[in-house]
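This report concerns only the one structure given below.
So you know, we letter chains A, B, ... as the sequences are listed, proteins then strands, and number each from 1.
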Number of protein chains: 2
Amino acid sequence: MKAGRPRSFCTDTALDRAMTVFWRKGYEGASLAELTEAMGISPPSLYAAFGNKEGLFLAVLARYDARRQALMDRVLNAADPGAVARLYLEGVAEFAADTEGRNPPGCLLVQSGLSCSDADIPLALAQHRAEKERALRQRFERDQEAGALPQGADPAALARYLMAVANGMCVQASAGATTKELAEVVEMALAAWPGNKPQLREGSP
Amino acid sequence: MKAGRPRSFCTDTALDRAMTVFWRKGYEGASLAELTEAMGISPPSLYAAFGNKEGLFLAVLARYDARRQALMDRVLNAADPGAVARLYLEGVAEFAADTEGRNPPGCLLVQSGLSCSDADIPLALAQHRAEKERALRQRFERDQEAGALPQGADPAALARYLMAVANGMCVQASAGATTKELAEVVEMALAAWPGNKPQLREGSP
DNA sequence: CGTATTATGTAGTGATCGATACAGATATAG
DNA sequence: CTATATCTGTATCGATCACTACATAATACG
């Protein structure tokens, strides 16, 4: 075991608390004073553990991914591509408009820093979002090879579309949209899926 | 005419330049030093004209709405609800992934401050986005009364769905998505529209 | 034990933040 | 003209920013 005074705080717990601050205030709006108070540690401890504010933020993003991994695994292992789409969008809707207070409304990867003084932040967020899109696309590519998606379908476009709807719902959730309102968006969105029927016929009441 | 030394700068031009800064850096990432330099005026002039940073930002949002009004008018006066949906999403896709450098990528109303130290900023952005959603919803309500949308359709849900897709595309555009990629998202999204057909049949190559 | 190593708490660093005091400049009003 | 009103440029305000020097506390190693 390594020498020296042991760390007095749990890294994951501290990251979870920092996550809430970044989530509510954004990267630039989260001050070190707020972060250290929420994490229950002093500035030198924070800098010893994470390097600097950006390092802390990147660690928070990694922690965020880890906490969402279980859901993504369930989504990516769904029976068919349609179930993948439904599970993903329903999961995002419930998560982003969480009413039980486990997370602030919205999504960390969308609202914590799309535009920043430091361009590394939007870039890091974009990479994490792109990772989700990549996972969905690869799943759909396998589906297409297996015949579960028509040859004419575009796995990349399907994945990008799901991400667009998901990110859009996150924007709405951050502004107070309810789970019920987002659930209606999900049903609209799934009506576009290959093999599904559009919501209703137009022009015939 | 009112007495006193006249203003030495054009308000709208100054707001346009401030808009670009807020767009690229976000509300909190945009410093007064950057803003005054971009606007070509000194701090006292800025404060005399707009009160403070938040006042400037709100003025920029009003200016943003004014610049987008022509497009929204065209969208809202389209022949039928399907055309409204298509024109809106195509307009957002082209606008958000603008390659001609007229605007930074993405959308000011989405990326300039979803999470902020000052909660007034996300609130103001949400109100401006809600105004667009309200305009779409009211148009669809009129369509439904006129029989251009089936009675079972939900104008509020249709408007919310369009906003979700639009805002999601803005998130993707801010991360570098191209017009072509967003155009594919638009086609996917419109496949869900009442009376349209889903992209492709599932399971039959 | 003594030594090395790492973490912690206190107290502060220079830099930059948003916002202004003040004096001079430029207009209208009478 | 003088008086009044508004804007502009310089120079700077106190507050807060991200970050750290330093001494002390707590562990492992030999």
Whole-Å distance separating the [atom1] atom of [X] from the [atom2] atom of [N]:
| X | N | atom1 | atom2 | answer |
| --- | --- | --- | --- | --- |
| Phe50(A) | dA7(C) | CZ | P | 11 Å |
| Leu46(B) | dT20(C) | CG | P | 12 Å |
| Arg7(B) | dA25(C) | CZ | C1' | 16 Å |
| Asp118(B) | dT16(D) | CG | C1' | 15 Å |
| Phe57(A) | dC19(D) | CZ | P | 14 Å |

task: May I ask you to say what Phe9(B) touches in the nucleic acid, namely base, sugar-phosphate or nothing, with a heavy-atom cut-off under 4.0 Å?
output: sugar-phosphate
- prompt: Any ring-ring contact (aromatic ring centres under 6.0 Å, His included) pairs touching residues 162-182 of chain B, not counting sequence neighbours?
  reply: none
Of all pairs that satisfy ring-ring contact (aromatic ring centres under 6.0 Å, His included), the ones with a partner from residues 67-88 of chain B, not counting sequence neighbours: none
- prompt: Under 3.5 Å, is there a donor-acceptor pair between the side chain of Glu141(A) and the main chain of Pro155(A)?
  reply: no
For residues 118-130 of chain B, which side-chain N or O atoms pair as donor and acceptor with protein atoms under 3.5 Å away, sequence neighbours left out?
{"residue": "Asp118(B)", "atom": "OD1", "partner": "Asp120(B)", "partner atom": "N", "Å": "2.9"}
{"residue": "His128(B)", "atom": "ND1", "partner": "Asp65(B)", "partner atom": "OD2", "Å": "2.6"}
{"residue": "Arg129(B)", "atom": "NH1", "partner": "Leu109(B)", "partner atom": "O", "Å": "2.8"}

What pairs of donor and acceptor atoms, side-chain ones from residues 40-51 of chain B against any protein atom, are under 3.5 angstrom apart with sequence neighbours left out?
{"residue": "Ser42(B)", "atom": "OG", "partner": "Ser45(B)", "partner atom": "OG", "Å": "3.4"}

field: dC19(D) phosphate, OP1 or OP2, under 4.0 Å from Tyr47(A) side-chain N/O
entry: yes
Pick out the pairs of N or O atoms, protein on one side and nucleotides 9-17 of chain C on the other, that lie under 3.5 Å.
{"residue": "dG9(C)", "atom": "OP2", "partner": "Ser42(A)", "partner atom": "OG", "Å": "3.3"}

- line: For Asp143(B), the salt bridge (Lys or Arg N to Asp or Glu O under 4.0 Å) test, sequence neighbours excluded, returns Arg139(B)
